[in-house]
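See structure below.
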Amino acid sequence: MELLRRPLIYWVFLSVTVFAQFSNAFYLPGSYMRTYSTKDPILAKVNSLTSIETELPFSYYSLPYCQPPGGIKKSAENLGELLMGDQIDNSPYRFRMNVNETVYLCTTSPLNEHEVKLLKQRTRDLYQVNMILDNLPVMRFTTQNGVKIQWTGFPIGYTPPDGSADYIINHLKFTILVHEYEGSRVEIIGTGEEGLGVISEADKKKASGYEIVGFQVVPCSIKHDPETMTKLHLYDNISSVVCPNDLEKYQIIREQERISFTYEVEFVKSDIRWPSRWDAYLKMEGARVHWFSILNSLMVIFFLAGIVFVIFLRTVRRDLTRYEELDKEAQAQMNEELSGWKLVVGDVFREPESSKLLCVMVGNGVQILGMAIVTIVFAALGFMSPASRGMLLTGMIILYLFLGIASGYVSVRLWSTIKGTSEGWRSISWFAACFFPGIAFIILTALNFVLWGSNSTGAIPISLYFELLFLWFCISVPLTLIGGFMGTKAQPIEYPVRTNQIPREIPARKYPSWLLVLGAGTLPFGTLFIELFFILSSIWLGRFYYVFGFLLVVLLLLIIVCAEVSVVLTYMHLCVEDWRWWWKAFFASGSVALYVFLYSINYLVFDLQSLSGPVSAFLYLGYSLLMAIAIMLSTGTIGFLMSFYFVHYLFSSVKID
């Protein structure tokens with residue numbers, strides 16, 4: 001009986017302690033480690049062709065490349081990969097562990113006009129081939145101005161500066177880095193595309209072998225003799241070739257040309273261990289600049305926010321102290337004077353305009369903010385590994401769906417507080433369930449028509465559309481309604497003062513109050529804009545973003561600054577007898593979204609100069625608009641809720657007759 005009374009946490013702790021006795025080290029997360037014996041076959045996969053010039057992904061086999069002997073087979077993809085436009089297929093590239101060889105693949109039939117036009121267009125749009133081996137993207141190195149730069153993927157072809165002709169990349173020199181694994185006492189827990197698995201002590205012998213810890217390529221263009229090459233068969237060994245430097249020896253792209261594809265592979269032993277194999281991909285360019293810029297931004301914002309907050313605290317405390325030190329007669333006399341926020345006591349909790357929309361936007365903001373916080377916390381702890389492609393986006397969507405219950409609860413609770421009754425909660429819940437998802441659906445549908453028109457793999461398939469609609473109406477909407485029902489059972493927040501029947505006239509202002517509200521967004525934007533640059537670079541320039549620890553700090557700082565800015569603006573409006581603070585509190589912090597969208601346009605003009613064509617610009621602006629709306633709802637919610645708490649606390653701290 002004594003054992004049964006032990007708390008659950010005791011048994012959890014005991015289980016973890018016992019399990020830890022059987023292992024020395026863990027790696028979480030990443031793909032499930034695979035080991036290969038000498039001559040074991042290793043198959044490479046290919047992802048969609050991508051370009052930083054167009055941002056329109058296309059299928060690898062939309063170009064006349066060699067096809068695998070068993071036909072094209074698509075890999076299973078998660079929701080995030082499909083939405084990101086990934087299309088992972090098998091490929092004819094086959095390697096044998098620790099076997100260095102040069103191999104012939106195939107020779108195409110004579111190129112027709114359509115194929116030549118497509119190859120030239122993709123080459124000039126700087127499209128990249130994205131190959132994957134053992135869940136590692138292929139990497140290549142180039143030297144620019146004496147600086148070694150690493151890239152993922154390799155170009156389809158090469159166009160010389162004079163633009164006289166286009167040449168195709170038809171020979172690949174692969175270098176595969178391998179680490180010998182001897183089945184040491186290491187427990188590996190994986191969450192990658194191969195699934196969850198554990199290598200235990202019992203599997204030592206089975207696991208012993210070679211791990212793939214690096215995948216590099218040197219692309220070449222070589223003009224082969226088609227007559228000689230057509231006599232060869234798939235995977236025949238050929239003599240090693242040297243990449244030429246003379247354009248005349250490159251394989252030109254033109255009609256009736258037959259292109260032979262070959263590759264060679266070299267296995268190199270490496271000291272890199274399997275858990276560290278992603279380190280080479282996650283090294284960000286300009287790391288020192290990134291660190292110092294973020295730290296400098298944090299220090300400046302903390303300093304500014306501290307000054308604003310201290311001044312504000314002193315001002316409010318002095319007001320309250322002066323008021324409480326007066327006797328009742330003096331208080332009555334003071335109430336009759338025209339002195340600031342105390343005059344709007346009968347109007348400060350008057351129902352705002354478009355109160356239904358405000359309740360819905362705050363509920364949606366809570367949902368988006370909760371999703372962002374949980375996702376970034378999990379990513380900062382290492383659960384959103386880049387080895388698990390699409391996991392970040394999939395996790396965000398699942399979290400958003402299940403946080404619908406919070407959206408419904410907050411929307412209906414706020415509605416009940418404003419109206420004094422929960423009547424009409426169903427329409428509020430439905431509105432909350434459809435507001436932001438509806439906006440996202442309209443924007444993504446418009447973008448999808450553009451992608452469909454371009455035959456891009458980035459277009460959402462019809463089947464996925466129905467899946468998303470199912471998730472929306474069968475999971476998110478019911479949960480939002482459940483949250484709304486729970487909101488009706490919660491006690492409405494009671495106002496500390498009564499509202500007058502006749503609204504008080506607001507004194508005329510020399511300048512529009514909305515000007516101050518819009519200007520307030522600059523301070524939260526100051527915490528965000530440096531990190532925003534790296535996030536935009538990772539999205540649009542194909543770079544890995546993995547400094548989620550910094551992003552978590554910036555997010556927490558953004559929450560603090562949004563709350564402070566909104567409270568200060570609300571107090572300033574109340575001091576000039578402007579009791580319409582509800583929407584202004586929301587947009588005081590929510591206006592940061594305007595600056596984010598303007599910065600996105602600035603990034604498009606000055607940093608994405610390679611982006612070409614109206615279609616690419618339309619896609620960029622569409623996604624940027626969706627991001628700005630999500631930021632507006634989440635930051636506006638922070639400011640509104642903090643201002644509501646502040647106004648409630650302020651007017652409950654002093655009794656005014």
Side-chain angles (χ1 to χ4, degrees), residues 22-47 66 68-71 73 75-76 88-105 131-139 172-218 233-240 262-281 385 387-389:
F22 299 97
S23 61
N24 286 1
F26 294 88
Y27 176 70
L28 179 72
S31 62
Y32 174 44
M33 185 181 73
R34 293 187 62 181
T35 55
Y36 302 86
S37 301
T38 300
K39 294 189 177 180
D40 276 359
I42 313 167
L43 302 177
K45 298 179 181 180
V46 287
N47 204 340
C66 304
K73 297 175 184 176
S75 297
I88 302 173
D89 303 313
N90 59 338
S91 79
Y93 291 91
R94 184 202 66 182
F95 313 115
R96 292 180 293 170
M97 177 58 72
N98 288 330
V99 176
N100 299 338
E101 56 186 347
T102 305
V103 178
Y104 166 79
L105 275 183
M131 197 172 287
I132 303 165
L133 184 70
D134 194 46
N135 210 31
L136 278 181
V138 70
M139 181 187 293
L172 302 172
K173 288 190 169 186
F174 294 107
T175 301
I176 300 176
L177 306 181
V178 295
H179 179 81
E180 191 168 2
Y181 177 72
E182 298 177 353
S184 58
R185 289 173 58 84
V186 177
E187 298 287 346
I188 307 294
I189 300 178
T191 58
E193 65 172 7
E194 291 86 0
L196 180 65
V198 178
I199 297 179
S200 63
E201 289 287 333
D203 296 329
K204 275 186 184 180
K205 293 182 181 179
K206 183 180 177 182
S208 297
Y210 295 93
E211 313 157 344
I212 296 174
V213 294
F215 186 34
Q216 301 170 4
V217 68
V218 176
H233 299 90
L234 180 67
Y235 300 132
D236 281 354
N237 288 341
I238 59 175
S239 57
S240 181
T262 56
Y263 69 92
E264 60 185 280
V265 58
E266 179 184 7
F267 288 84
V268 178
K269 289 190 177 181
S270 170
D271 294 328
I272 300 172
R273 298 184 65 83
W274 188 84
S276 304
R277 65 182 191 156
W278 274 89
D279 291 356
Y281 298 87
S385 169
S388 305
R389 285 178 303 276

## Note on the structure
Sequence neighbours excluded, the answer for side-chain contact (heavy atoms from CB on, under 4.5 Å) partners of Asn98 is Thr38, Val178, Tyr210, Phe267
### Task
Enter the distance from Ile272:CD1 to Trp278:CH2 here, rounded to the nearest 0.5 Å.
13.5 Å
#### Entry: salt bridge (Lys or Arg N to Asp or Glu O under 4.0 Å) involving Glu101 - partner list, sequence neighbours excluded
Arg96
### Task
Classify the ring geometry between Phe174 and Phe215 as parallel (under 30°), tilted (30 to 60°) or perpendicular (over 60°).
parallel
### Query
Taking all non-hydrogen atoms of both residues, which atom of Ala44 and which atom of Ser91 are closest, and how far apart?
O-OG, 2.8 Å
#### Entry: Test: Arg277 and Asp134 ion pair at under 4.0 Å
yes
### Summary
CD1 of Ile132 to CG of Asn47, rounded to nearest 0.5 Å, is 4.5 Å
## Note on the structure
Distance col, row Asp89:CG vs Lys45:NZ, nearest 0.5 angstrom, shows 10.0 Å
### Query
Should Leu105 and Tyr235 count as side-chain neighbours, where that means a heavy-atom distance under 4.5 Å?
yes
### Task
Taking all heavy atoms of Gly71 and all of Asn90, pick out the closest pair and write down the distance.
O-ND2, 3.0 Å
## Note on the structure
Test side chain to side chain contact (heavy atoms under 4.5 Å, CB included), reference Gln216, set Ile176, Leu136, Leu177, output is Leu177
### Query
Any side-chain heavy atom of Asp236 within less than 4.5 Å of one from Val103?
no
### Task
Could you grab the distance from atom CD of Glu266 to atom OG1 of Thr102, nearest 0.5 Å is fine?
10.0 Å
## Note on the structure
CD1 (Ile42) and CZ (Arg34) are apart, to the nearest 0.5 Å, by 9.0 Å
### Task
Work out which heavy atom in Tyr104 is nearest to a heavy atom in His233; give both atom names and the distance.
CD2-O, 3.2 Å
### Query
What is the distance from atom CG of Leu133 to atom CG of Leu43, rounded to the nearest 0.5 Å?
9.0 Å
